[in-house]
Amino acid sequence: MSGNLQDIFADLQWRQLVYQATSERLGAWLLERPRTVYAGFDPTSDSLHVGHLLPLMLLRRYQKAGHRPIALVGGATGSIGDPSGKSQERNLQSLEQIEANVVAIRGQMAQLLDFSPTAASAAGPAILVNNYDWISRFSYLDFLRDVGKNVPVNVMISKDSVKNRLENPDVGISYTEFSYMLLQAYDFVHLNRTYGCELQLGGSDQWGNVTAGIDLARRMAGAEVFGMTCPLLTKSDGSKMGKTEGGALWLDAKKTSPYQFYQYWRNVADEDAGKCLRFLTELSHEEIDHLDHCRQTEPERAVSQIRLAEWLTELIHGRGALDLVRQATEIFFGGEIGKFASDADLNQIFAEVPSSQIEAARLAAGLSITDALVEAKLTKSKGEARRVVAEGGAYVNNRRIESESYQVTTADLASPTMLVLRRGKKNYALLRLVE
RNA sequence: GGGGGGAUACCAAAGUGGCCAACUGGGACAGACUGUAAAUCUGUUGUCUUCGGACUUCGCAGGUUCGAAUCCUGCUCCCCCCA
């Protein structure tokens, strides 16, 4: 069984994913035998986002290397609020909301980790736990006697996450958030007792919480356990990766469409592409080296970005979704749109394009391009529509309309009942025929 | 309580009787360039139009005038100074 363990630590180091580790000999330790490792995720929303991807991929790498991953959903800790990296006290979410979030997140994790009993990992299938299940059973008194007794407050207040807040007299920190660290620390103890879990993973902002768990495990159980953090996924300008104008980049297709997801990665800056390939994909070292080289010599081809976008889109949304995204991309950035046999095909590709309805009779009679733009809500007024045409910014089926007197007819239909209009570079709208 | 200043299009800001749909800057929107980037350059930026114009807009309501964003009266709101 332990014979097919891969040297994951070497791979992580190559990918620069090891930010801090509690032991010099972590790499060798991981090769001794299959280990059980865990990382925690706070259910602050009903979907995971790109910020969660890095630690989740880390668990996935461990599983593929022959270890057993535990994904911990923080139903309890999430209801408290982690003060790490937060400058202000946060509002509490309702328990019902958190429960709903846990359910949604659980499904997304199953796409990346193998929970099936037949999982290939030497150590067995991945495990999903919710710390609400054990923490909620504690009485306050028991918790203070069993756990609190083992935690020196002077150590707690020296942790950065707490210290920063204590030093700022304007915000301070509530007793509730102060206690967060204890809950997370106890999680490690619980997982160690229940599943023999010996390693906690997390982002570098979790270092304080990770070491708190290690200390507590030693005091409460006399166990030697380990911790490792990875860098945070940031862009070269220091901002967070995965932030869009509309907020976070979600893994849920209903919140962030596969097309938007793909496009985000497709447009990653050259300086960030190498890091993303290393951190988020499972491409081989050789291929990543090659892509680095391509980026140097012919950045204009964006080979790295396309590879990154395709790899991640397929992982998160599946092969079928990727194929549709490819088609859509070709159309959105390509030439004219030909005829589509069915409305369904067109519908899929233009899934996020707004559409308006128009009576079939009006189109049959001929519709001026300006009226069509207004009907499709691409322009506010006829005057604006006229201007857009004059500027050369009006298109039917991606073909520029030069004349204001152009009449849109049934001959322009891209599919039996749909007409594709565009204003400028990428503002699309559909007109759907109705009786 | 007294004195002074101000309100203009998405924002900022000119304009103080006709040449004002209103300078200019930003933003936004198009186009060129480009790597689906950045920068740059060009154009547009009240509504409608049979492309001749027509209509509505400069805090609100009235008034003077052939004609008002511009002058007068009242109202509302904002800022500053003195007490």
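In the text below, chain A, chain B and the rest are named by the order of the sequence lines, each starting its count at 1.
Under the 90° criterion around 0 for the glycosidic angle, B/G52 counts as syn.
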Donor-acceptor contacts, no H, no angles, side chain residues 353-364 of chain A, under 3.5 Å, sequence neighbours left out:
residue	atom	partner	partner atom	Å
A/S355	OG	A/R432	NE	2.9
A/S356	OG	A/E375	O	3.3
A/R362	NH1	A/E375	OE2	2.9

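Partners of A/R326 according to the salt bridge (Lys or Arg N to Asp or Glu O under 4.0 Å) rule, which considers only residues two or more places apart in sequence or in another chain, are A/E310, A/D323. Partners of A/F261 under the side chain to side chain contact (heavy atoms under 4.5 Å, CB included) rule, at least two apart in sequence or in another chain, are A/V50, A/L249, A/L251, A/T256, A/W265, A/L312, A/T313, A/I316, A/H317.
For A/E300 and B/G35, the CD to P distance is 6 Å, given to the nearest whole Å. Atom NZ of A/K382 and atom P of B/U45 are 19 Å apart (whole Å). Following rounding to the nearest Å, A/Q263 (CD) and B/A37 (P) show an atom-to-atom distance of 10 Å. Across the protein-nucleic acid pair, A/K380 atom NZ and B/G46 atom P stand 10 Å apart, rounded to whole Å.
Residues from residues 265-273 of chain A that place a heavy atom under 4.0 Å from any atom of RNA chain B, listed by number: A/R266, A/N267, A/D270. Looking at residues 363-373 of chain A, you'll see that no heavy atom sits under 4.0 Å from any atom of RNA chain B.
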Hey, what are the protein-to-nucleotides 50-55 of chain B N/O distances that come in under 3.5 Å?
residue	atom	partner	partner atom	Å
B/C51	N4	A/R386	NE	3.4

Just the atom pairs and distances: protein N or O near nucleotides 26-31 of chain B's N or O, under 3.5 Å.
residue	atom	partner	partner atom	Å
B/C29	O3'	A/R423	NH2	2.9
B/A30	OP1	A/R423	NH2	3.1
B/A30	OP1	A/N427	ND2	2.4
B/A30	O2'	A/E391	O	3.3
B/A30	O2'	A/E391	OE1	3.2
B/G31	OP1	A/Y395	OH	3.1
B/G31	O3'	A/R400	NH2	3.3

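A salt bridge (charged side-chain N to carboxylate O under 4.0 Å, His left out) check over residues 407-418 of chain A, counting only residues at least two apart or in different chains, returns the pairs A/R399-A/D412. Residue pairs meeting the salt bridge (charged side-chain N to carboxylate O under 4.0 Å, His left out) criterion with at least one partner in residues 262-279 of chain A, sequence neighbours excluded, are A/R278-A/D292. Here salt bridge (charged side-chain N to carboxylate O under 4.0 Å, His left out) pairs that include residues 252-265 of chain A, with residues two or more places apart or in two chains, are A/D46-A/K255. Residue pairs meeting the ring-ring contact (aromatic ring centres under 6.0 Å, His included) criterion with at least one member in residues 344-380 of chain A, sequence neighbours excluded, are A/F332-A/F350, A/F350-A/Y428.
By the 6.0 Å contact criterion, NE2 on A/H49 is enclosed, its count of non-hydrogen atoms from other residues, nucleotides or ligands being greater than 12. Remark: A/H285 NE2 is packed, more than 12 non-hydrogen atoms of other residues, nucleotides or ligands lying under 6.0 Å away. For A/Y19, the OH atom sits in a loose shell: 12 or fewer heavy atoms of surrounding residues, nucleotides or ligands are nearer than 6.0 Å.
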Show me the dot-bracket string of RNA chain B, counting Watson-Crick or G-U pairs under 3.5 Å, with | for pairs to another strand and [ ] for crossing ones. ((((((((.[[[..)..(.....]]]((((((.......))))))(((....)))...[[[[[..)....]]]]]))))))).
